[in-house]
Structure formats: C-alpha cells, structure tokens
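Whatever order the structure lists them in is the order used to number ligands and atoms, beginning at 1. These values consider heavy atoms only, across backbone and side chains, with no hydrogens, waters or symmetry-generated copies.
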Amino acid sequence: MSNSGRSVLDLKSFSKNQIVELFKQAKACEESSRREVKKFQSTVALIFFEPSTRTRISFETACVRAGYYPILFDCGQGTSLIKGESEADTILNIAAMEPSGLIIRASEHLDLQDLSKKISMPMISAGWGISGHPTQALLDAYTVWLERAELANERVLFVGDIAHSRVAASNFELWKTLGAQVAICGPEVFLPQPDERIQQFTELNEALQWASIVVSLRVQLERHHEKCLFAKEDYLKYFTITEERLKNLSSQALILHPGPVNLGVDLSQEAIKDSRIRILKQVTHGVYLREALVEQVFGECHT
Ligand code: CP
C-alpha cells in the first residue's frame, strides 16, 4: 500500500477487528507510565483551516507523545492564504516539506480525497465539512469500550442537530461496523434522510428510555445557511437534555458530547453534572486514541 493509501478520511474501510486493535493500542498508550517527551523522529503537519480547541490540541499532544514534532498551520493567520493562495496549494506546499504525515481540518469545499492522491504521505481528517470527523467517532466509541464488554450490545442515541453534524456522520459509520443499534431524535429539520438501519424517535423521553448511550450534539449554527432552522425556545421545550428528562435514562447509561457544548441548549446546567456524563473523559481518552492512530498511520513511512 502507498503511504497516501494509509490515509484516514472516513471509517468505511475499518473492520471491527481493526477498530478493537486500535482501542487496545490506545489503552496501552493510556496505561503506559511514559509521560516524558519522546525523542522526535520526524515531523507531522497539522493544517487547520477551521477553528478547533479539542481536536487540534489533542492531536498536537498525541504527536508529541508518539515522537512526531507537530508543525502547526492554524487558520491561516500570517500565511500566504491572505495573498490569495488556495487551500489546496497550501497543502501541496506543506507536503513538499516532507513531514511524515498531514492532519487536516477543512470545509467540504476542499477535495481531500483528490489531494491525498497527489501527495506521498498519509493524511488524517481532523474534521472535514459535514462529511465526517473520524477520530471524534473513534474516541467516542473508545470511551464507551473502556467501560463495556461488548459494543454490539449498545443502543446508541444521537440527540440534536444530526443532519449538520460530521460527528454523527462518522459515528453512524462506526457504530454500524461495531454492530450496535443506532437511533436519532431531534427536530425534523435537523434529521438526515431516512435510513432503514437508523431508528427515529420524535419524543425525547421515549428515546432516552430506549438508549444505553446518549450522544448529545451541538446545534451547528455555523452550518445553517438559512437564518434560523428551528426556534431556540422550541428546542429548549422539546429536545434539551434536562435533569428531569434524564430520569428516563438507565442508571448504567453513558452520556457523551463531542464539544463544544451549548450549555443550556444541548444539555441543561443540571444535566451536565449528571454522574453518567463522560464529556471530559472523552477529551482525555481522545489523546491516547489519536496517539495510537498516529503511530499506526504515520509509523514506518518517514520520507
Ligand atoms: N470535538 C471537536 O471537534 O472540538 P473542536 O472543534 O474544539 O476540535
């Protein structure tokens, strides 16, 4: 396989065995007492054309732990983008500096599949338009896997702005491969095209009674091309996860959110304190999941 053939732009090619092997490697990274900075063996370029807190700093930390010095291109400040250079040419020029790999966050306007064929090193998506956010989905499932024996037994419910969520898109791919049941609940304008493999709930309390895992998703205002798709007061009335509604959820269930949380909209101030919430645990586990993935994808392919 060519180096660029190892790229991770979606999760379609991952088998259940590969996912579980990645989780085991991430757990080994997590259990390792190694906390010192490894001697850098090479560089990895982090190219972020969109803002990020968790993913960018998580990947930077993961690269350092794995022994790759992270070279950062952060939203184009002070770069030749302001002179009119395209995002595609920016990527090709950074690739010409021969890092071991590229980690890219970009909008759907950039064709990462096409670009991955033009460069010699692998690429990992750090969130690409609304098409996917594969490492977020992997770290979500890894967080569950650390507490559960068999992921195929889970009933995973997505609540919120599902149609505009790249996190949901990658999670659907992943949980189907893992054999779990998947369901969605949200205002009609936030729901994707019907899919016979995805159950739809119109009533949140009923959905919470069904679920063993709840993934709350942020209302993606920046991806709504019309002014307001759904009135905030209606969202609060029917879809905000509140302490009262959480009484319908099993005591053994887990509640995830990829962040950033719209506090008071996605989850109420009281609900976010619930003992089943794993939001900051996701962030912690994400570093080790990404460390394992960086080792797998960029290892033994130094230019
Ligand atoms: N979950 C996530 O992608 O967060 P950031 O946008 O802060 O990276």
Trainee: Kindly give the heavy-atom pair with the smallest separation between G160 and F190, and that separation in Å.
Mentor: O-CB, 3.5 Å
Trainee: Show the nearest heavy-atom pair for residues G127 and S125, with the distance to one decimal.
Mentor: N-OG, 3.1 Å
Trainee: For atom 4 (O) of ligand 1, what is the closest protein heavy atom, and at what distance to 0.1 Å?
Mentor: R54 NE, 3.0 Å
Trainee: Of the backbone atoms (N, CA, C, O) and the side-chain heavy atoms from C-beta on, which set of R105 has a member under 4.0 Å from an atom of ligand 1: side chain, backbone, both, or neither?
Mentor: side chain
Trainee: Which residue and atom name correspond to the protein heavy atom nearest atom 2 (C) of ligand 1, and how close is it?
Mentor: T55 OG1, 3.5 Å
Trainee: Which residue owns the protein heavy atom closest to atom 1 (N) of ligand 1, what's the atom, and how far is it?
Mentor: P258 O, 2.8 Å
Trainee: Please list, in number order, the atoms of ligand 1 under 4.0 Å from a heavy atom of T53.
Mentor: 5 (P), 7 (O), 8 (O)
Trainee: Which label fits Y68 and F298: parallel for a plane angle under 30°, tilted from 30 to 60°, or perpendicular past 60°?
Mentor: perpendicular
Trainee: Given 3.5 Å as the limit, does a donor-acceptor pair link the side chain of R166 with the main chain of G129, or not?
Mentor: yes
Trainee: Just checking, R105 and F48: is the charged tip under 6.0 Å from the six-membered ring centre and within 45° of the axis?
Mentor: no
Trainee: For ligand 1 and G259, I'd like to know whether there is a polar contact (N/O to N/O, distance under 3.5 Å).
Mentor: yes
